[in-house]
Structures are given as structure tokens and as C-alpha cells.
Amino acid sequence: MRDVAIIGVPLDLGAGRRGVDMGPSAIRYAGLRERIVALGCQVRDLGNISVPLAEQIEPPTPDERLRYLQPIAHAVRDLAQRVRDVVASGALPLMLGGDHSLSIGSVAGVAHNRRIGVIWLDAHGDYNTPETTPSGNIHGMGLAALTGRGHPLLTDVLGQTPVVHPADVALVGVRSLDDGERDALRASGVRVFTMHDIDRRGMASVMEEAILHVSVNTAGFHLSFDLDALDPNEAPGVGTPVLGGITYREAHLAMELVAASGRLIGLDLVEVNPILDERNTTALLAVEFALSALGKRIY
């Protein structure tokens, strides 16, 4: 078992529907630390990164292409520095969100001065740029920024651009893409596994290929898990739900394969929205998936 450092990132800027800023608290309340300790891990909870609320900031104009750029850039830089230090201490960083823009910082910290892979488990591509975004929301640009596409405040967080090479990224579970990001992904080199692939091939085959893809010539891989990858009937409390997602059991299988690979070096659990949740169901699922990724077994 390993050392784990928990970091909360209550980012909730630009989504238009509040609540994911409470995600870190909801996941902690669901017993995250205690249950990881029960696995035999050493756990430190480093608290939350300081992030302003939307109402504390002057609102962006309706046609803004990078909503809340400055506060988000500041938050992800702080997170990247914190994660870099956690990695240097030998611990695995576990980030709790918060909207998915936080992964710009978490992945940058894990990838500092080394080549890593990334598995992006998500209903969405998060591959927009200011030129293609229909909303201006940076949480839809995170993966693009990490591969060097977008505003310099997002692509160059710790002086390493790109943070990850597109060929070292696997996007799994996608089922909702904007036209511009679809074209960009096709030209990028990112390995994309849609829900069609999961339905046709099964989760085991898809995840085994994804893990192999991101493990070749890398120090390991970071898993960025947006809970909206699950079907909203399974996980109702997410920021941007999309019908037709993966099941509870498929998600567990994916995490069990991650653990079995021995290659996990960082983990995000993002977009948990307690306001939309039912009896903290989605936060409880996030805890269960984290445990499976860290090695918990049925038998």
C-alpha cells in the first residue's frame, strides 16, 4: 500500500449551475479518508486549495471566450505547485472537485519534469479552445490545455508545454462532443474510446487498451475521473449529466484494472454536485471508485 495525500479543489466557476464547489466536502463526508486508511494506506488530508466563489468576482461578459480565466489560472497554478510537492514526497495525490478545470493543475503537478500518461474518464471531450468553445467555460478546455492548446495561462502552468503529449492520452467514455473539439480530437493523436466502443467491446477490453496506451515509455499515468462518465441514473449528482453513460459495475471494473496495472500515479474525482445528488449517492460512489483504484478487491 502507498501514501496518499488528499487535496480539495472547490472550483465552481463558469458552469452556470452551482454546487460542485461542495463536492470535496461531500466526498470527505462520505468517509474517504477513513476508508482509505482501512486499506492500509498512510493518508494525509491537506485541506482545500483557496478558490473564490463566483459571486466574489466581477461576472464575465456574455460573449467571453475564457470565463473567469484569471482566478482559474491562479487556482490551478497553486494546485500544481501543491501536487508537485506531494509527488516529490513520494505520495500519490488524490484531488477532490470541483469542476474539471482543476485537472489542468493536478496533471501539471504530477507531470512536472517527467513524461506521464493520462486517462480522461468523462462523458465530454474537454478539448475545446477559446476558438471552438460554445460556452466559454474553461472546464470544457482542460484536456486541450494540457496538450498545449489554448491560452498560455492554462497551457504553461509550471513551465512545461505541453504538459502531456496527445499520444500519451486516452479519453474513455465520451458521448457528448462539440463539433470543433471533435475535429480537433480527430487530428490530435489522443486515443478516443466512445460509449460505442464500450458497448461493443466491453469495458475490460477498452480499459486494458487504454492503460497500455498511456503506459508505454511513461512514468505511469494520471487518472482524471469525471463522475458524469456514469449514467445519471447511477450518479445523479454531477455538474453536466448526459444520458447513456457507464454503469456502476463498469466503473468499478475500470478502477480495478487501473489498480491491477500498478501504474497509477495521480487521481482526480471531479464534478460531484451535492445540490443535484440524492442522499449523497454520487459522493459515496466516488469514494468506492477511489478505493477500487487504490487496490480494494472483492476477494
Given side chains that start at C-beta, do those of [X] and [Y] come closer than 4.5 Å, heavy atoms only?
X	Y	result
Leu291	Ile36	yes
Leu11	Val20	no
Asp12	Leu53	no
Val157	Val163	no
Leu13	Pro71	yes
Glu250	Ile198	yes
Arg35	Val287	yes
Val51	Asp21	no

Salt bridge check, [Y] against [X]: does any charged N sit closer than 4.0 Å to a carboxylate O?
X	Y	result
Glu209	Arg201	yes
Arg115	Asp168	yes
Glu181	Arg186	no
Arg182	Asp179	yes
Glu55	Arg18	yes

Backbone N/O of [Y] and side chain of [X]: donor-acceptor pair under 3.5 Å:
X	Y	result
Ser261	Val258	yes
Asp3	Ala91	no
Thr155	Gly148	no
Asp156	Thr161	no
Thr147	Leu143	yes
Asp99	Glu271	no
Asp45	Gly47	yes
Arg191	His213	no

Worksheet item: Of the options Asp122, Asn273, Asp228, which is the one that meets Thr240 in a side chain to side chain donor-acceptor pair (under 3.5 Å)?
Response: Asp228

Would you check if there is a donor-acceptor pair between the side chains of [Y] and [X] at a distance under 3.5 Å?
X	Y	result
Asn128	Arg65	no
His139	Asp126	no
Arg44	Ser89	yes
His112	Gln160	no
Ser224	His100	yes

Worksheet item: Hey, mind stepping through Val83 and Asp85 against side-chain contact (heavy atoms from CB on, under 4.5 Å) and telling me if it holds?
Response: CA-CA 5 Å; Val83 171; Asp85 294 343; over 6 Å; no

Worksheet item: Hey, mind stepping through Asp268 and Leu223 against side-chain contact (heavy atoms from CB on, under 4.5 Å) and telling me if it holds?
Response: CA-CA 6 Å; Asp268 304 324; Leu223 173 63; over 6 Å; no

Worksheet entry | Flag if over 12 foreign heavy atoms under 6.0 Å of CZ, Arg249 |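 Result for CZ/Arg249: enclosed.
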
Worksheet item: Under the side-chain contact (heavy atoms from CB on, under 4.5 Å) criterion, do Val238 and Leu230 qualify, and how do the steps go?
Response: CA-CA 9 Å; Val238 297; Leu230 275 82; over 6 Å; no

Atom pair [atom1]/[atom2] of [X] and [Y] - distance to nearest 0.5 Å:
X	Y	atom1	atom2	answer
Ser101	Met141	OG	CE	10.0 Å
Asn233	Leu243	CG	CG	7.0 Å
Arg263	Ile211	CZ	CD1	10.5 Å
Thr129	Leu154	OG1	CG	11.0 Å
Ile246	Leu253	CD1	CG	9.5 Å
Ile7	Leu79	CD1	CG	6.0 Å

Fill in: Shortest non-hydrogen contact from Leu257 toward Ala204
CD1-CA, 3.8 Å

Fill in: Trace of the side-chain contact (heavy atoms from CB on, under 4.5 Å) decision for Tyr127 with Trp120
CA-CA 11 Å; Tyr127 215 70; Trp120 200 269; over 6 Å; no

Discussion item. A cation-pi test, strictly: NZ or CZ of Arg297 under 6.0 Å from the centre of the six-membered ring of Tyr299 and no more than 45 degrees from its axis. Yes or no?
Written reply: no

Discussion item. Suppose clustering is done on Ile, Leu, Val, Met, Phe, Trp and Tyr with side-chain heavy atoms closer than 4.5 Å. Which residues sit in the same group as Leu212?
Written reply: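 Leu212 clusters with Val216.
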
Fill in: Test side chain to side chain contact (heavy atoms under 4.5 Å, CB included) applied to Arg33 and Ile27, Val4, Leu94, Val43, the passing residue
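So, applying the side chain to side chain contact (heavy atoms under 4.5 Å, CB included) to Arg33 and each of Ile27, Val4, Leu94, Val43, only Val43 qualifies.
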
Worksheet item: Is there any ring pair (Phe, Tyr, Trp, His ring centres under 6.0 Å) pair reaching into residues 48-80, and which pairs are they, with sequence neighbours excluded?
Response: none

